[in-house]
Structures are given as C-alpha cells and as structure tokens.
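For reference, the structure is listed below as structure tokens.
Proteins come first, then strands; the chains are lettered A, B, ... in the order of their sequence lines, and each starts at number 1. It should be emphasised that the depicted structure is a prediction, and the values quoted were computed from it without experimental measurement. Values below: all heavy atoms of this structure, side chains included; hydrogens, waters and symmetry mates excluded.
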Amino acid sequence: MHIPDGYLDAPICILTYAVSLLILILCWKKAKSEFQSRFASTLAILSSLIFVAQMLNFPIVGGTSGHLVGGTLLATIFGPYIAALGMTIVLLIQAVFFADGGITTFGANIFNMAIIGAFSYYIVKLLAGKTPSTKRFLTSVFVTSWLSVVLGSLACALEIGFSQAFPADISVTVPAMLFWHAIIGVGEGAITTPLVSAIKYVNPSLFSFHFPWRLPINETEE
Amino acid sequence: MKQKNETILLIATIIALAILIPFASSNPDGLERVAESLEVEEPAPLWRGIMPDYSLENIDNPYVSTLISGMLGVCLVLAASFIIGKAVSKGESK
C-alpha cells in the first residue's frame, strides 16, 4: 500500500504532509507524558519485527500479494501515540533506504498506514469493551486489524482518486482498492492476532498501559 | 519486556526473515495491482534509495542480497525507534 512518487499531485502531497505532521506532533506530545524510557527497547524490537513482516509479502488470490502493516499490533501494545511514532520510523527507513514508498507521498503513507493503524487502537477498545475475555479481546484485535487495512486502503484510494496525477477517479479506485484490501486485511488479522496472543502470554504486563483490566491480580513484570 | 524475551524475539525475527525470504511473494501488492489493472505505469522514482527493492547492487545472489539488506534495515529501525523511544520518554522510572 506504499504510494510511490508520481501518483499524487502537489496539493494532495502538501495536504497529507500537513495533516500527518500535525497528528504526529500531537502524538509526540501525548506520548511524552505516558511512555517510559525502559520500554524503548521493546518498542525498537517490535518496530523491527514490523519492518521484517512488511518485507515478507504473502500471496493472495489472483496473482496479488499483501503484507502486514502492523499498526494495530503496535497500537494494542503501546497505545495510539507511540504506535504512530514507531510506524512512522518504519515507513521512514523504508522510504529513505529502500525507496519503498515515495518521498513526496510520505505524508500520505504515514496517514494511511501509521496514523490509521495506530488509531485503530480505539476500535479495539470499542469492540473489546471494558472487561473482555481473552477470546473477545483477540477477536476484537482480529476484526480491528482487518478494518485498519481496509480503512487505510480507502484513504489511499481517495488520495490517488482525487489526485490529478493518477488517471482514474474515486469511482474506480475506491472499489478496486477495497476489493483487494478486504482480502489482504484477513492476512493482517491472521498475523496480528497470534502475535498479540503470544506477546500477551509471554508478557501480560506489556498490555497494562492500555488494557489494564487485562492484568491478572498480582502480576509482576521483572 | 524482560531483556531475555526481547533478545529471543529479536533473534526469532531475524530467523523468520532468513527462512521466509524464499517464500515471500513477488506478486504485485494491492495498490500495484490496481495500478496495473488501470495500466498506470509507475513513474520513475525521485529517489532510488540506497538498497532499492531490498537488495544490494554488488551482491549477485538474490537471497543473500535480500537477507543482508533486510538485516541492515532491522538495524536501522532498531536504532531509530530506540532513539525515538528514549527521546519521547521522560527518563524516569527504574
């Protein structure tokens, strides 16, 4: 879903850069008050895991492939603000070193994958409710992962559809993008859910930031 | 996360990369597929990166090339997100 340079015209590049930067500044400020430095290494390792997962495309039907985005994964563990920053780092390294995603379209790619992925956190919260069972929690994670990819692809479809540089309008791009990403999103859920489940099993207290009700009583970390 | 668990997760990530590279699909992704079906040519990139398409120019073996560029990418992401994590946090706690 990484938009290359040349698909988006100048107004849309500028608009998406502005919106994404504003949201990232907000995330930085919010994250500052809640993130603790001892979790920097966990963030770094999970961001690298997402980078690797994004390299490994899985095939879907019709000669098409997809890959994990990972926004919901990071958001479930760290909440939306730090997840948006972590995802942006992955996208930045991809764009600068691997030319995966354009430079002019970087703002749009941040919005579609980092910001939508990170803020899908609120969908997990909404679906899971206040005191979810493990099953309900993981089901919420699966559904949200799917939805985050579909919503990201919708944003991408609107951006390329409204762009004068892309020769198709939203009546074509929206259904086409939604069709493929409704399938790719299943892969997102199928990868995210067992990872969240495994991380929760190994280290339940990681979820204590944002899902404190999930902590069994007397759970200790170190 | 405990340091031991973190180390295990990092090693597992690299092993997964090494094992799964040959199985990764080279088919177009969702957006590329849509662009192809509309016969939109991908414009020449403004910036080719340092390791375009996750490969190194002077390594012929595609597996080794992707593996090394992937591992370099992991190092870059590790370093950058660790710095961001440290910078964003207040530096308190234990």
* **Which portion of B:Leu38 sits near chain A, non-hydrogen atoms under 4.5 angstrom** => side chain
* How are the rings of A:Phe51 and B:Tyr54 set relative to one another: parallel (under 30°), tilted (30 to 60°) or perpendicular (over 60°)? -> tilted
* To do: Give, as side chain, backbone, both or neither, the part of B:Ser26 having an atom under 4.5 angstrom from any heavy atom of chain A.
  => neither
* Structure fact -> So, the part of A:Leu49 with a heavy atom under 4.5 Å from chain B: the answer is both
* Minimum heavy-atom separation for B:Pro43 to A:Asp5, with atom names? -> CG-O, 3.3 Å
* NZ of A:Lys32 to OG of B:Ser89: how many Å apart, nearest 0.5 Å? -> 8.0 Å
* Can you say whether A:Leu46 sits under 4.5 Å from chain B via the side chain, the backbone, both, or neither, judging by heavy atoms? -> side chain
* Distance-only side-chain donor-acceptor flag, B:Glu6 / A:Ser41, under 3.5 Å -> yes
* Asked: Out of curiosity, B:Asn27 CG to A:Asn57 CG, how far, rounded to the nearest 0.5 Å?
  -> 8.5 Å
* Nearest heavy-atom pair of B:Gly85 and A:Ala40: which atoms, and what distance? -> C-CB, 3.8 Å
* **B:Ser37, part contacting chain A, at a heavy-atom distance under 4.5 Å** => neither
* Donor-acceptor pair, A:Trp28 side chain versus B:Val88 backbone, under 3.5 Å? -> no
* Asked: Quick one: what part of B:Ile21 sits under 4.5 Å from any heavy atom of chain A, side chain, backbone, both or neither?
  -> both
* **Sidechain-backbone polar pair: B:Asp29 side chain, A:Met1 backbone, donor-acceptor under 3.5 Å** => yes
* **Per-residue contact mode, B:Ala12 against chain A (heavy atom under 4.5 angstrom)** => neither
* Give, as side chain, backbone, both or neither, the part of B:Asn5 having an atom under 4.5 angstrom from any heavy atom of chain A. => side chain
* So, does B:Arg33 use its side chain to make a donor-acceptor pair with the main chain of A:Met177 at under 3.5 Å? -> no
